[in-house]
Amino acid sequence: MTVTHNGKQYTVTALASGYQWQLVEVDAPRSKLTLNRQQMILAGFAHLVEKAA
């Protein structure tokens with residue numbers, strides 16, 4: 001799934017742990033973020049967290 005955050009597009013992938021997600025910047029694939037459930041909710045991605053649960 002692709003989302004936009006702070007003007008950048010990211011591909012979001014749920015990791016095997018089930019409570020962490022990896023965001024990879026579309027324009028720069030080496031730029032990655034790994035966020036846990038709380039960080040995803042604070043960043044405004046609660047809809048993705050709830051969808052995966």
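When hydrophobic clusters are built by joining Ile, Leu, Val, Met, Phe, Trp and Tyr residues whose side-chain heavy atoms come closer than 4.5 Å, directly or via intermediates, Val26 is not grouped with Met1. Hydrophobic clustering (side-chain heavy atoms under 4.5 Å, transitive across Ile, Leu, Val, Met, Phe, Trp, Tyr) keeps Val12 apart from Leu15.
The only member of Lys32, Met40, His5 that meets side chain to side chain contact (heavy atoms under 4.5 Å, CB included) when paired with Leu23 is Met40.
Within the model, atoms OG1 of Thr34 and CD of Gln20 stand 6.5 Å from one another, a figure rounded to the nearest 0.5 Å. Within the model, atoms CD1 of Ile41 and CG of Leu35 stand 11.5 Å from one another, a figure rounded to the nearest 0.5 Å. Rounded to the nearest 0.5 angstrom, Gln39 CD and Trp21 CH2 are separated by 10.5 Å.
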- prompt: Between Tyr10 and Thr2, does a side-chain contact (heavy atoms from CB on, under 4.5 Å) hold up when you go through it step by step?
  reply: CA-CA 5 Å; Tyr10 294 94; Thr2 303; over 6 Å; no

message: One pair to check against side-chain contact (heavy atoms from CB on, under 4.5 Å): Thr13 and Val24. What are the steps and the verdict?
response: CA-CA 8 Å; Thr13 306; Val24 179; 5.8 Å; no

